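Because the structure is a prediction, the values reported are computed rather than measured.
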Amino acid sequence: MAPHSALDLWRAFPVGANPRPIVPLGEGMVLDPRTGFPSGAAKTPYEERRFVLRTLLPGSVGTFGRFTEIPATVAYRRLRAMRVDEHDNVPPLIVTAVRIATATFVTDRGRVRLPAWQFSLNGLAHPASVLALAPPDLFIPPALRRFGEPGPGNSVEDSATILASDKTVTLRFVGEPAGNAPCDDSYRASAVADRRVVAFTIATIPVPVPAGEACSLVGYARTAVLHLARPPGARVVISATDGGAVPVTPTR
């Protein structure tokens with residue numbers, strides 16, 4: 001993807017909004033039960049979003065700090081979104097209880113504790129958590145044109161850190177080993193930006209590999225330093241490769 005095409009994906013981001021909206025990454029707005037599933041019989045209906053309510057949905061709407069929580073009915077629709085019917089005769093999971101609580105979500109500003117509706121499901125030790133925010137408190141990342149992991153809005157790069165109010169961003173990702181031997185690589189970061197987004201590119205500088213020599217497919221934790229003309233501020237930091245955002249965590 002061309003860098004400027006990646007910028008265009010985020011043209012709707014309200015960079016001037018005060019307060020700045022939450023941008024969910026990682027799993028997105030629905031967190032799976034944290035200890036997983038005891039069997040395929042439980043996992044399959046969850047993945048296909050087959051649920052049946054056996055409890056009342058709470059009707060009250062409260063606040064969490066500066067945020068207004070969405071009703072449980074909206075959260076239930078969010079839980080059931082993207083339903084698929086790939087298997088016949090799959091019994092649904094029964095929703096046995098619903099309550100408002102908090103959960104930790106991955107956002108483009110790191111991991112944040114946010115309000116969440118928690119849906120208890122029969123046979124599962126822990127509930128599914130649905131982010132209890134809506135616009136303008138929430139900005140849903142654009143759909144990315146790619147397949148597979150990671151989650152909605154996420155880049156293939158892992159994360160980034162930045163000194164508070166600084167112009168230097170350290171990008172963290174999985175790459176080849178460092179060094180000067182065959183199969184080793186070094187990396188250089190650059191960026192294009194507009195008023196809403198900083199889109200970075202990580203260029204690979206490989207060490208030549210002799211003919212007939214094979215490189216291993218082992219991934220290594222690597223970093224590349226991005227020097228910006230001005231601090232990112234409220235802008236989203238994304239990969240120019242796929243348009244996905246990365247979580248940027250300030251360091252002190």
Side-chain angles (χ1 to χ4, degrees), residues 1-30 81-82 105-112 131 133-176 185-206 219-251:
M1 179 180 290
H4 289 283
S5 297
L7 297 178
D8 289 343
L9 287 174
W10 291 82
R11 60 184 176 273
F13 179 67
V15 69
N18 187 16
R20 185 182 189 272
I22 295 293
V23 182
L25 302 178
E27 292 182 64
M29 294 185 289
V30 178
M82 305 300 290
F105 292 83
V106 177
T107 78
D108 80 316
R109 287 300 184 262
R111 297 174 65 82
V112 182
L131 183 61
L133 302 181
D137 293 326
L138 173 72
F139 180 82
I140 300 173
L144 305 182
R145 300 183 183 93
R146 63 162 186 235
F147 300 95
E149 295 294 336
N154 272 48
S155 171
V156 292
E157 277 72 31
D158 291 337
S159 62
T161 56
I162 184 170
L163 295 175
S165 301
D166 202 351
K167 297 178 287 186
T168 302
V169 180
T170 300
L171 302 164
R172 303 182 185 278
F173 57 98
V174 175
E176 301 297 330
D185 287 338
S186 57
Y187 296 92
R188 180 177 63 247
S190 60
V192 297
D194 62 14
R195 61 182 296 266
R196 295 179 177 85
V197 178
V198 175
F200 65 84
T201 299
I202 298 177
T204 303
I205 307 170
Y220 294 82
R222 297 298 305 272
T223 62
V225 177
L226 180 64
H227 299 284
L228 302 176
R230 62 185 179 91
R235 294 179 293 174
V236 183
V237 177
I238 69 171
S239 168
T241 302
D242 60 8
V246 297
V248 179
T249 304
T251 58

Mind listing the closest non-hydrogen atom pair of [X] and [Y] along with its distance?
{"X": "R230", "Y": "D194", "answer": "NH2-O, 4.3 Å"}
{"X": "T161", "Y": "R172", "answer": "OG1-NH2, 3.8 Å"}
{"X": "P141", "Y": "L25", "answer": "CG-CD2, 4.2 Å"}
{"X": "A6", "Y": "I238", "answer": "O-CD1, 3.5 Å"}
{"X": "M29", "Y": "P24", "answer": "CG-CG, 4.0 Å"}

Which value, rounded to the nearest 0.5 Å, describes the distance between [X] atom [atom1] and [Y] atom [atom2]?
{"X": "W10", "Y": "R196", "atom1": "CH2", "atom2": "CZ", "answer": "12.5 Å"}
{"X": "I22", "Y": "R109", "atom1": "CD1", "atom2": "CZ", "answer": "10.0 Å"}
{"X": "D166", "Y": "H227", "atom1": "CG", "atom2": "NE2", "answer": "9.5 Å"}
{"X": "S190", "Y": "L228", "atom1": "OG", "atom2": "CG", "answer": "10.5 Å"}
{"X": "I202", "Y": "L171", "atom1": "CD1", "atom2": "CG", "answer": "5.0 Å"}

Would you mind telling me which of T201, V225, L226, I205 makes a side chain to side chain contact (heavy atoms under 4.5 Å, CB included) with R188?
-> I205

Applying side chain to side chain contact (heavy atoms under 4.5 Å, CB included), name anything that partners [X], two or more places apart in sequence or on another chain.
{"X": "A193", "result": "V198, R235"}
{"X": "D185", "result": "E176, Y187, T204, P206"}
{"X": "P14", "result": "A17, P21, F139"}
{"X": "V112", "result": "T107, L114"}

What pairs of residues pass the salt bridge (charged side-chain N to carboxylate O under 4.0 Å, His left out) test when at least one of them lies in residues 15-25, not counting sequence neighbours?
-> R20-D108

Are the side chains of F200 and V169 in touch, meaning some heavy atoms are under 4.5 Å apart?
-> no

